[in-house]
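Residue numbers count from 1 along this sequence. All values derive from a computational prediction rather than experimental measurement. Indexing begins at 1, ligand by ligand and atom by atom, following the structure's order.
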Amino acid sequence: MKNIQRICLCLTALTVGSLFLSACGAKASDKSVSGTRDDLLGTVITLTAYDKNGERAIDRSFGRIADIHRRMTTGEGSEIAELNERSGAGAVALSSDTFALLVCAGEVSRSSGGAFDVTIGPLVRLWDVGGEAPTVPERARIEDTLSLVDYSRLELDRDNESAFLSQKGMSVDLGGIAKGYACDESVRIFLEDGVSSALLDLGGNIYGLGRKPDGSLWKVGVRNPVIGEDGVVGSIQVSDRAVVTSGINERYFIEDGVICHHILDPGDGRPADNGLLSVTIINESSVIADALSTACFVLGMEKGRALLGQYPGTEGIFITDERKILVTDGLKDSFELLNSGFSLAEQ
Ligand code: AMP
Ligand code: MG
């Protein structure tokens, strides 16, 4: 009998890669207002504003995130579900923002040479990591399924804002990018409502808006990605930046002693296995950081760093299974190592 250890989503949501470290410095008198929901985008979302208009911004943000959830997850009745159902049959008209997210996902699919692949859906369903019946599929099934994963066969019609998956059985999965989009939308709403200091945490997709009430930078921790260990490996300080992590510890199951995590390599159809445990990306755009963290995780350290070169102003933190941490040049002064079980990698 197979020895399957299932790790459920609600548990894994707490172990996502980056986390907000220091509310210290933000005193009760700073009048923070905070809201948490655990029913959207498969994760726990906490939005905290240090501003009198915070409550309205938080309410409006959750409304917007719920809207994104309804349209862009693969749940029944969503626009993405309809697009997937119509694969091989016909184009589907989309709302402007779903279309825009598909365009963005398509662009990163291209720039990463398919390491990030917006049409990863059939493979995600096959492995079902974090789902009801996670399984290591037979090789032949992986091969068959891989023939349905090809971002170049997602046809996007900009004039009509419609999309078409050209082969039956293909499907889009925005799990690697939707939280980033939702985060950017919340930031937009916060700014619209005049909130200038806030901390957004969408299941480990962190965004530090402005500065803390005491004028200092937001301190964001990078979680220890080793399964079975807790805490952080280090921290960085940011302002007006997204900090997004992809890691093996977000969602996984263990079968016969092998860790099978949720970031799949479209090259061989298996959980990416290149010596990385997590990748954290820092960018002013959360959606870009989200897509790039997934892409870099699949690409590995060297190719991942090369990809970041295509996105000026983007920084990264790569953690290897040898407990080495590589930080890109722009983070050298800001990254603080906080775990003696890890060391900084030579450049
Ligand atoms: P993230 O935590 O942002 O790296 O996203 C991981 C999620 O993205 C998975 O749970 C899948 O839904 C989806 N995914 C897995 N592998 C890929 C891939 N190679 N390209 C795009 N999305 C992926
Ligand atoms: Mg991602």
Side-chain angles (χ1 to χ4, degrees), residues 7-9 12-13 15-18 41-43 72-75 80 84 101-102 104-131 134 142 145-146 148-152 154 170-184 202-207 223 225 242-253 260-274 276-283 285-300 303-304 307 311 314 316 318-319:
I7 311 298
C8 74
L9 180 56
T12 55
T15 61
V16 172
S18 34
L41 302 178
T43 195
M72 302 184 200
T73 54
T74 49
I80 294 301
N84 294 343
L101 186 55
L102 280 181
C104 179
E107 279 167 8
V108 178
S109 299
R110 255 186 304 285
S111 69
S112 67
F116 182 94
D117 193 316
V118 60
T119 65
I120 198 81
L123 209 52
V124 170
R125 273 209 308 283
L126 184 67
W127 285 84
D128 200 26
V129 181
I142 293 177
T145 306
L146 269 179
L148 296 169
V149 177
D150 178 1
Y151 64 89
S152 71
L154 168 66
M170 287 183 75
S171 63
V172 158
D173 178 307
L174 295 172
I177 192 169
K179 281 192 283 177
Y181 182 67
C183 182
D184 285 342
L202 289 85
N205 277 39
I206 307 280
Y207 192 98
R223 275 204 194 271
V243 182
V244 180
T245 299
S246 291
I248 64 163
N249 54 335
E250 281 178 51
R251 224 178 265 193
Y252 63 95
F253 64 95
C260 302
H261 62 79
H262 68 137
I263 305 170
L264 303 168
D265 184 343
D268 65 4
R270 297 174 177 278
D273 179 19
N274 49 33
L276 288 179
L277 298 183
S278 76
V279 178
T280 298
I281 300 293
I282 297 91
N283 189 281
S285 152
S286 184
V287 72
I288 295 294
D290 199 354
L292 289 180
S293 70
T294 310
C296 287
F297 190 93
V298 173
L299 285 170
K303 289 181 183 161
L307 175 63
Y311 292 84
T314 306
F318 297 74
I319 304 182

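Every N/O-N/O distance between Ile120 and ligand 1 stays at or above 3.5 Å. For a threshold of 3.5 Å applied to N or O pairs, the pair formed by Val118 and ligand 1 contains no separation below that value. Between Thr245 and ligand 1, a contact under 3.5 Å exists for no N or O pair. Of the N or O atoms in Gly176, one or more lie within a sub-3.5 Å distance of an N or O in ligand 1. Remark: ligand 1 and Asp265 share no N or O pair separated by less than 3.5 Å (distance only, no angle test). Not one N or O of Arg251 is nearer than 3.5 Å to an N or O of ligand 1, by distance alone. In terms of polar-atom proximity, Ser293 is not counted as a contact of ligand 1, lacking any N or O under 3.5 Å from an N or O of the ligand.
Only the side chain of Asp173 comes within 4.0 Å of ligand 1, counting heavy atoms alone; its backbone N, CA, C and O stay farther away.
Not a single side-chain hydrogen bond (donor to acceptor under 3.5 Å, both in side chains) links Ser109 to another residue, sequence neighbours left out. For the side-chain hydrogen bond (donor to acceptor under 3.5 Å, both in side chains) test, no residue two or more places apart in sequence or in another chain qualifies with Ser112. Under the salt bridge (Lys or Arg N to Asp or Glu O under 4.0 Å) criterion, Asp150 pairs with Arg153, not counting sequence neighbours.
Neighbouring protein atoms of the Mg ion (ligand 2) (N, O or S, distance under 2.8 Å, waters ignored): Gly176 O, Asp290 O, Asp290 OD1, Thr294 OG1.
With rounding to the nearest 0.5 Å, the separation of CG in Leu299 from CZ in Phe116 is 12.0 Å.
For Ala272, the closest heavy-atom approach to ligand 1 does not fall below 4.0 Å.
With hydrogens and angles disregarded, a donor-acceptor distance shorter than 3.5 Å links the side chain of His261 to the backbone of Ala272.
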